[in-house]
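Everything below concerns the one structure shown next.
Along the sequence shown, the residues carry numbers beginning at 1. We count ligands from 1, going down the list as the structure has it; atoms in each ligand are counted the same way.
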Amino acid sequence: MPQQQPDPLVFGVLNVTPDSFSDGGRYLDPDAAIGHGQALVHAGADVVDVGGESTRPGAVPVHPEEEARRVVPVVRALVADGIRVSIDTRRASVAAAALDAGATIVNDVDGGLDPALLRITAASGADLVLMHSRGPSAADGGYRDVVAEVAADLRRRVDAAIAAGVGPDRLVTDPGIGFSKSADENWQLLASLDALAVDGLRMLVGVSRKRFLGELVDGDPEARDGVTAVLSALLAERGVWAVRVHDPAGTRAAIEVARRMRVAV
Ligand code: PMM
């Protein structure tokens, strides 16, 4: 990685949900959510990624109106504070409402499967994160060669987004760590990021507190923040554009350690 390469952006996770796996229920109240969004930025987040629907396996789907009701006041307040906001949603109507409220990035865990979401994002000029997913649990993936198959799936999602009018300069890909993948498959993807790159597009990676890290450290999901930070620093070395984490302070410090090691040699 060249020394001049910028550090990755740090996306801070803000789940305005009752049931997300590590922070569900904490920020359902708008004031608590806004306060946490501000705290994420103070702790080093460049972007706050606001979501109103849990993606954990088995989570009950939320009606899009309820999802928008949860996220829009939070997006509006954070944007009014000068904070860069990403909206984590699969729903076109929620993306539209959040973009109206000032979000500038749409983060879609369905990889732009909904043509309406692609159209709305294209018209807005916002960035679009296309995350890879085949289904809600590891059993749904059914991969023979996870790296080749995720790369091919991402290429199709990128082609569809470009066909819908989203400029390649607006697109970001994401291998969807933990989404319909086993622990081994997650590690194979992380070890092969170069093979996943689509046309030099920017890449975002989210590993924070995910279950496969629980094989390395005992305890609740928060106990995984240390290994999340280490992995984020290694991802920084690989040149990813952004990492998505719950604990920006730890990750920011780990990225800084990696940068100093690079500059010092
Ligand atoms: N992971 C989760 C939710 N949204 N978005 C992107 N782009 N990449 C991810 O890896 C990702 C995501 C699940 O984690 P959470 O429940 O802690 O938000």
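Contact check for Arg70 versus Val62: side-chain heavy atoms found under the 4.5 Å cut-off.
Remark: Glu256 CD is packed, more than 12 non-hydrogen atoms of other residues, nucleotides or ligands lying under 6.0 Å away. By the neighbour-count criterion of 12 heavy atoms within 6.0 Å, atom CG of Asp169 is densely surrounded, having more than that number from other residues, nucleotides or ligands.
Contact atoms of ligand 1 toward Val13: 18 (O) (distance under 4.0 Å to a heavy atom of the residue). Numbered from 1 in the order shown, with element, the atoms of ligand 1 that lie under 4.0 Å from a heavy atom of Thr55 read 2 (C), 3 (C), 13 (C). Those atoms of ligand 1 that come under 4.0 Å of a heavy atom in Val109, given as number and element, are 4 (N), 5 (N), 12 (C). Per-residue contacts place His246 under 4.0 angstrom from the following atoms of ligand 1 (heavy atoms of the residue considered): 17 (O). Heavy-atom proximity to Asn15, at under 4.0 Å, picks out these atoms of ligand 1: 15 (P), 16 (O), 17 (O), 18 (O). When each atom of ligand 1 is checked for a heavy atom of Leu204 under 4.0 Å away, the hits are 7 (N). Contact atoms of ligand 1 toward Phe179: 1 (N), 2 (C), 11 (C), 13 (C) (distance under 4.0 Å to a heavy atom of the residue). Applying the 4.0 Å criterion to heavy atoms of Gly206 picks out, from ligand 1, the atoms 10 (O).
In terms of polar-atom proximity, defined here as any N/O pair under 3.5 Å, Ser208 makes no such contact with ligand 1. By the 3.5 Å distance cut-off applied to N or O atoms, Lys210 is counted among the residues near ligand 1.
In terms of protein heavy atoms, atom 5 (N) of ligand 1 is closest to Asn107 ND2, 3.1 Å. For atom 18 (O) of ligand 1, the nearest non-hydrogen atom of the protein is Arg244 NH2, 2.8 Å. Looking only at protein heavy atoms, the nearest one to atom 4 (N) of ligand 1 is Asp88 OD2, 2.9 Å. Protein heavy atom in closest approach to atom 6 (C) of ligand 1: Asp174 OD2, 3.1 Å.
A distance-only check finds no donor-acceptor pair linking the side chain of Asp199 to the backbone of Leu201 [under 3.5 Å]. In terms of modelled atom types and a separation under 3.5 Å, the side chain of Thr251 and the main chain of Pro248 share no donor-acceptor contact.
If you take CG on Leu213 and OG1 on Thr228, they are separated by 5.0 Å, rounding to the nearest 0.5 Å. To the nearest 0.5 Å, atom CZ of residue Arg262 and atom CG of residue Asp7 are 6.0 Å apart.
The aromatic rings of Phe11 and Trp241 stand perpendicular to each other, their planes meeting at an angle above 60°, with 30° marking the opposite boundary.
Tested against Arg209, the residues Asp247, Asp220, Asp225 include a single salt bridge (Lys or Arg N to Asp or Glu O under 4.0 Å) partner, Asp225.
Proximity of Phe11 to ligand 1 is not established, as no heavy-atom distance is less than 4.0 Å.
Both Leu117 and Leu171 are members of a single hydrophobic cluster when ILVMFWY side chains are connected at heavy-atom separations under 4.5 Å.
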